[in-house]
Structure formats: C-alpha cells, structure tokens
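See below for the structure under consideration.
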Amino acid sequence: MTLNKFMHPRNIYFNNPPDFAKLCEKYPDFKSHTLTSSSAKVNIDFKDPEALRSLTCTLLKEDFGLDVHLPIDRIIPTVPLRLNYILWIEDLLRKSDIPLDRQINGIDIGCGSSCIYPLLGFKLNNWKFIASEVDSLSLQYAKENVQENNAENFITVYEAAENTMLLEIIADNPRPDYHFTMCNPPFFGNMLEAQGILSRSMDRAEPKSVCTAAEIECIADGGEVEFVKRMIQDSLKLRHKVLWFTSMVGKKASLPLIKQDLHKHKILHFTTTEFCQGRTMRWGVAWTFHDEVEILPPAKRSKPSKERPPLRIPVPQKYIEKVLSAHPKVKGQLNKVKFFCREVKKCLKNLEITFNKMQSTTALYQYQVTATKNTWSKQRQKRRQNERMQGDTIAETDAQQQHTEEFTNRCANNDAVDIRETEKSDQKNELLKKDHMIDNDLLNSGYDTMSGVAHTSNHGDKSQTIEGAAVGQSNADKMDFLFKCVLAIKMEDGNILVELSWIDGKSREFMHQFGQYLKNFFKREISVYIQQQLL
C-alpha cells in the first residue's frame, strides 16, 4: 500500500507524483532508463541502480535546480524522503519561534556522496551547513556537488575521523549557535542484519528498489540505536549550544529504545515523527535542552479512528434483589438504580478508587473513575489469608484460656502462687505480644512503601509485569495512575447495566481486571444472600 497520502503536506510530491513521460521529453539520460508499457505508461526498473541514480539526479535538477553526480556504489538517495526530513526541520524551527529568513546553521552527520540534505537546505532556505563525512569517495563527490552548485559559502564539507560525532565537529567548526543537527545513521549492526537475514521476517515482501549503499554507510557497531545513543551522549555535553538534535531511524523498533535512553538521561523535551513516501516509511526523533521551546506534537499517520466499544457488565437481578432486601419499601425502577449506585460507590471506596460525578444524557448515573493502584487483584487470596489469620487468633486465644485455667487450678491446689499476680503477668505478656505484632506490621508496611511494590505485585499480576517491563515507553512513565475510565449506570429493557469506557492509562488490561472484579463481586454477594435466606 502506498504511503504517499501521509507524506508531509508541504512536500512538492504530495498528491503530485513525478510525471515520467514529461521528464523523458526533457532529459534524454533519464529516458534511456525508462520502460514503456503496452498502455503507454512510462516507468523505470527500481532494481536497476543506473535507473535509480538517473531518477534522483533528474528530480533534483527539475524540481530544485541542483546538478548532482553520484557514484554507483554508494547510497542513491530518494528525493521525497530527504525532502520530508528537511520540511520537518522547518516545522521544528517554526515551532521554536525561529524565523526561517534569518541565518540558520545546521550540521549533517554523514552527508554522503550526494550531500543532499545540505544542498536542499541551501536551495530552499539558504541554510548554512557543516556537512561531515568519513568515507573518502563520498567526501570527494560531496565537495564536487557543493562546488557544482556554487554553495561553497553555505556548505562546508568536513572530513571527519571515523567514530567521531558532534563534539569533534563543533570543536573544529565553532559558530555562535547551531540551530539543528541531522543524521541518516547506518541502520544495521552487521552484514547479516543488513542482508535481511536477521532483521527481515519471512512473510515480509522483498524491497521494491535496489540498495547500493557501501558497508561503511549502512553498518555500524550496534546499528542505528547505538549510533543515536552516541549522539545523545555528545548532546549531554553540548546541551544549549544546539537548539535541536535530530536523527532519522530506519526501524520502528529502534524508537522505543532511543526514547528509553532519552528518559534514562532525564531528557524529556523530545518528539518523534513519521516520514512516509511510496512504500517506504522512516521515523525521526528530535530532542532539545531548551525548556522554553514549544514541542512539536509527534506526527503519526492519521487512521480512521476505531473506537473500542465500552466494556458492558449486566447486573444480575438477584443482586438487585439482595440490595433492595434492606429497603423493602423502595418501589420504582429509578429508586432501584439509586440504591444500586450507592453500593457501587461503596465498592469503589473500598477499592480506594476515586470517582467524580459527570453529567450525562445517555446514562442515569455517570462517574469518571481513577485507579492509582491495583486493589482488586487476588481478592480471594486476601480473604482466605484474613480468614486464616482470624482462625489462628481464635485458636491461640482458646489455647491461652485453656493454659490459664490449668495453671490456675494447679495454683489453687498447691496454694503456692498468688493467682491475681499470675493473671496480671499473663495480661502483660499478652500486651507485649500484641505490641510486637503491630511493630511487625509497620515494618512490613514500611518495606512495601520503600520498595514501591504492593503486596499483590509479588504474586505476579500479568499486566503489571508487562507494564513494569516497558521502561521508558511513550507517556506511561509519567502517569501516576493505572487507568481512568467512565463508569456509566444505565437501564436497558428493565435491566441495570454498568458500562466502562476507556479514557487513558498504562494498560486497558487494568480496566478489564476491574470489570471482572465487579462481575465476581456481584456473584459473591448473591451467594451470601442465598445462604442467608436458607438459614
């Protein structure tokens, strides 16, 4: 499926693909690489590197007035993708209240043989660039392309030593301020990954176009994630010397790992985007140490919203009967709902779930509920523990009474001990014992508080395990609640219904657990009610 409809709206190729037939009329070299179908449709073989190179050079000349020469054994950049990245940089600067008509200074880490980002930035906005490159062949072509387009006063092609990053580039090219850095890092960690043996799933279609990248352009230790992490390390030292640090990434799976590293270093002012074009998608990440800068919201493909239906929990009639058994004079459906609503609020309070009443035109009662901790899991286990503790206390009390009686009888028979003093001693020991038990409870409570873990989490609630493992993901780290939802109480066909509609939170699983708790709660109360009737 083509992604062109999600292309940056200012991209000149958005809803306006190149007309290959017209380009053939104007550029003979491009025409020599085209294919014409029986229906007179002109196309090229995207697996032919010569054809791909001709297309890139032709588009740069036709649409931007740039004369570019490319070696056949280095990356051949696709123009729409590179233009998307430049336009995103424009968006970041605009959001930061940086006028684009002022002198903008940028850094391109690894400009490649085409030097395409600096050339596009120069041609579109008169930006000045430090274009770094480590590969000697790419360095030679980049310098020639800058000279060919009379951009020497705007673009400095800088020969960087291998494994150097931002610190060395800025140290060797000092300027009062840099507004952004950009980078198209090596995507892969080794040749097997680059060839798709390790990184490509079996059911994924083969790429539509050929890859001409040299090993130095597509492979680095640790792949793109480690490469961007090194950029983050340098940014921690440079901080306010650069307004925006940015990078493209080639794999969606890399984004959460990079976000995790940003969180690790307390860099919370960051954003992401998607670069969509043709059948290819790439991602962008940007971060800044300028807290006053307004963050551009993360850009995502706009999909038709698939709002999930609410979780519906029918309330058994037997439970309503149980609730109304304490209010025999209550009549009418609305009064039934009123008393049921009271029981729901009691339940929420017992679970320490906060709730605020909301206005509604579709429900009789509606509340926004917020759960900050899991108090509904392992309820059966907790009840059994309480019952065992109560049983142990009763057994211990009986044993103590029996011991006291036996001891008292022995003392009475022997006339050797003052019974009153003995009872006082026993009472004192009992008080000491209770004090000791209270201290243990406080210690256990303090341990839980210090560790930040509730009792239930020690037993391995599945959803908590999943959420706990996702360190640094999207906004979950910042949330101080498990979930928020709307709890609505309705009447349908004479039956009372509870609906839970998701608002936000760490996982929908928590809301579903709470819904299951309500179902079990109704069943348990019905069971107790029936047993009471049988007595």
side-chain contact (heavy atoms from CB on, under 4.5 Å) assessment of Phe180 paired with Leu243: CA-CA 6 Å; Phe180 66 88; Leu243 177 58; over 6 Å; no
CA sep, side-chain torsions, deciding dist, call: Arg282, Glu274, salt bridge (Lys or Arg N to Asp or Glu O under 4.0 Å): CA-CA 6 Å; Arg282 297 289 183 258; Glu274 295 175 342; over 6 Å; no
Proximity of Phe483 and Trp376 rings by center, below 6.0 Å: yes
Parallel, tilted or perpendicular: ring planes of Phe275 versus Trp88, cut at 30 and 60 degrees: perpendicular
Within 45° cone of Phe481 ring axis and under 6.0 Å: Lys484 NZ or CZ: yes
Heavy-atom pair with the smallest gap, counting every atom of Ala286 and Thr246: CB-CG2, 3.7 Å
Where Val228 and Pro185 come nearest, the two heavy atoms and their spacing: CG2-CG, 4.4 Å
Side-chain touch Leu83/Ile12, heavy atoms, less than 4.5 angstrom: yes
Contacts of type salt bridge (Lys or Arg N to Asp or Glu O under 4.0 Å), residue Glu492, not counting sequence neighbours: Arg312
Over-ring placement of Arg524 relative to Phe521, 6.0 Å and 45° cut-offs: no
Min side-chain heavy-atom separation Val486-Leu500 under 4.5 Å: no
Under 3.5 Å side-chain donor-acceptor pair for Gln533 and Tyr529: yes
Distance-only donor-acceptor check, side chains Ser96 and Trp244, under 3.5 Å: yes
Interatomic spacing from CG in Leu236 to CE in Met231 - rounded to 0.5 Å: 12.0 Å
Heavy-atom side-chain proximity of Val315 to Phe340 below 4.5 angstrom: yes
ring-ring contact (aromatic ring centres under 6.0 Å, His included) involving His290 - partner list, sequence neighbours excluded: His240
From Leu351 atom CG to Lys346 atom NZ, the distance as rounded to the nearest 0.5 Å: 14.0 Å
Separation between CD1 of Ile353 and OH of Tyr517, rounded to the nearest 0.5 Å: 8.5 Å
Test side-chain contact (heavy atoms from CB on, under 4.5 Å) applied to Glu226 - qualifying residues, sequence neighbours left out: Lys229
Heavy atoms of other groups near Lys523 NZ, more than 12 under 6.0 Å: no
Val285 and Leu262: CA distance, side-chain angles, deciding distance, side-chain contact (heavy atoms from CB on, under 4.5 Å) verdict: CA-CA 11 Å; Val285 59; Leu262 289 169; 4.2 Å; yes
Sequence neighbours excluded, every pair satisfying salt bridge (Lys or Arg N to Asp or Glu O under 4.0 Å) that has a member inside residues 349-363: Glu352-Lys373
Listed partners of Cys341 passing side-chain contact (heavy atoms from CB on, under 4.5 Å), at least two apart: Lys345, Tyr365, Tyr367, Ile489
Validation row, ring centre Phe522 to ring centre Tyr319 under 6.0 Å: yes
Trace of the side-chain contact (heavy atoms from CB on, under 4.5 Å) decision for Thr271 with Leu92: CA-CA 10 Å; Thr271 187; Leu92 290 171; 4.1 Å; yes
Over-ring placement of Arg230 relative to Phe227, 6.0 Å and 45° cut-offs: yes
Tyr13 ring center within less than 6.0 Å of His8 ring center: no
Minimum heavy-atom distance His269-Val293, with the two atoms named: NE2-O, 3.0 Å
Residues forming a ring-ring contact (aromatic ring centres under 6.0 Å, His included) with Trp287, sequence neighbours excluded: Phe245
